[in-house]
> 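Sharing a structure with you now.
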There are 2 protein chains.
Amino acid sequence: MTDKQLNILMAAMKLFASKGFDGTSTNAIATEAGVSEGLIFKHFKNKEGLLEAIINYGMEKSSVYFAEVILISDPQKRIEKAIALPFSIDPNDNQFWKLMYALKWQRGEYQSGPFELFRESLIDAFDQLGYENPELETTMIEVIIDGVATQILLKNTDAAPLLETILKKYSLK
Amino acid sequence: MTDKQLNILMAAMKLFASKGFDGTSTNAIATEAGVSEGLIFKHFKNKEGLLEAIINYGMEKSSVYFAEVILISDPQKRIEKAIALPFSIDPNDNQFWKLMYALKWQRGEYQSGPFELFRESLIDAFDQLGYENPELETTMIEVIIDGVATQILLKNTDAAPLLETILKKYSLK
DNA sequence: ATTAAAAGTGAGTGATCACTTACAAATGTA
DNA sequence: TACATTTGTAAGTGATCACTCACTTTTAAT
């Protein structure tokens, strides 16, 4: 990936996250990236392709953290680590996750993939622990993760005490 | 409000919720509403004014439910009712809340108002119950509400068992 | 040094955007 | 009936949109 290619990617991520995909013009991206507008299309084919490149780039960076959770064999620890996930979002990745959550509501197509494996590994964990309804418990974890992500990304709530409260409340401390 | 005015409002809500504000053209709204494009601007001044009208309309309908929670004097019951809120979203209002949640991520300006009063009434409730950190507990409730709303609006999860699980987990049964 | 490919530019392109305007139909009131 | 106001339309408007194209510069391998 060229310097300018990365410039475009970062500029687009910033603008898509703050103004939305449709609210951002390729002209604005080019200006923010310090590049001619034509270059965007040379490298990413079209605006949609640029969005896909951003998501691939961000998910590749993030998939490590998902894998870390999935690979924990102790079910209790796996669940705890899953809950802790949104609390450990690298502030450098805030824009990426804001974009991902914004896309959730109007472009569900970018929601599949790594998330399904993640979900199944949680169902498995609750199953191992003998819970009556592992799917339901997993949905609860997803509720927590989405809710916490909303708080942290949108209202920059102080993460540490919130995490402690959750783990205590869930008798997972 | 005229028939056609309401047509425009509903058509715009539907399209804004599914394609986003910037992803929806006034031409598309007029077509969906079965109305000439000019009429939109006669009634709502501009596209932004139409969005505001939708939000006013939706919040006026919904404020009843928030008020119902706030007016409960028993603190325990008030908290329970607050948690139950996203579970009792009228399916007819799904589009409105999808729009509200989508706007959260790129247009925070539509987030204030009734929500603040709601938050304070929860802090008060936890305070009355002698909790150590009422603000933190209230944030937790907001986490739950946002997470549940995401599940229900986006993945149409079955609401009933999830509500029961949450109330149990929160020892609020 | 030659040269072909890749990176990069800037001035276009038609299409679509939000919005206006001139005018007609409907409505309410005297 | 007369007439002023409101409701509605259709054909525009300039601006901006995503994208293309002809062209130059840079890079890198022989």
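Lettering of chains follows the sequences in order, A, B, ..., and the numbering in each one begins at 1. Keep in mind the model is a prediction, meaning the values are calculated, not measured. Worth knowing before you read on, the calculation uses all heavy atoms, side chains too, and leaves out hydrogens, waters and symmetry mates.
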> Does D:dA10 have OP1 or OP2 sitting under 4.0 Å from an N or O in the side chain of B:Ser36?
no
> Please report, rounded to the nearest Å, how far the C1' atom of D:dC19 is from the CZ atom of A:Phe44.
16 Å
> Under 4.0 Å from OP1 or OP2 of C:dC17: is there any side-chain N or O of B:Lys47 that close?
no
> Output the rounded distance in Å from CD1 (A:Ile29) to P (D:dA18).
7 Å
> Send over the distance from A:Asp3 CG to D:dT27 P, rounded to a whole Å.
11 Å
> Ignoring hydrogens and geometry beyond distance, is a side-chain donor-acceptor pair present between A:Gln128 and A:Asp124 at under 3.5 Å?
yes
> Would you call A:Asp22 and B:Lys19 a salt bridge, taking side-chain N to carboxylate O under 4.0 Å as the test?
no
> Is A:Lys61 close enough and on-axis enough to A:Phe96, meaning under 6.0 Å and within 45°, for cation-pi?
no
> In whole angstroms, how far is the P atom of D:dA11 from the CG atom of B:Asn27?
13 Å
> Would you mind reading off the distance between A:Phe21 atom CZ and D:dC17 atom P, rounded to a whole angstrom?
13 Å
> Under 4.0 Å between a side-chain N or O of B:His43 and OP1 or OP2 of D:dG8?
yes
> Give a yes/no on whether any side-chain N or O of B:Ser25 is located under 4.0 angstrom from OP1 or OP2 of C:dC17.
yes
> Which residue in the set A:Thr157, A:Asp146, A:Asn156 passes side-chain hydrogen bond (donor to acceptor under 3.5 Å, both in side chains) when paired with A:Gln151?
A:Thr157
> Between B:Gln5 and A:Glu37, which is nearer to the 5' end of DNA chain D once each is assigned its nearest nucleotide?
B:Gln5
> Rounded to the Å, how far apart are B:Lys42 NZ and C:dA25 P?
15 Å
> Which nucleotide sits closest to the side chain of B:Lys4: D:dG8, C:dA7, C:dC17?
D:dG8
> If I take atom CZ in residue B:Phe41 and atom P in nucleotide C:dC17, what distance separates them, rounded to the nearest angstrom?
11 Å
> Taking only Lys NZ, Arg NE, NH1 and NH2, and the carboxylate oxygens of Asp or Glu, determine whether A:Lys169 and B:Glu137 approach each other closer than 4.0 Å.
yes
> For a quick test of reading the model: is some side-chain N or O of A:Lys45 closer than 4.0 Å to OP1 or OP2 of D:dC19?
no
> Atom CG of A:Leu39 and atom C1' of C:dA11: how far apart are they, to the nearest Å?
16 Å
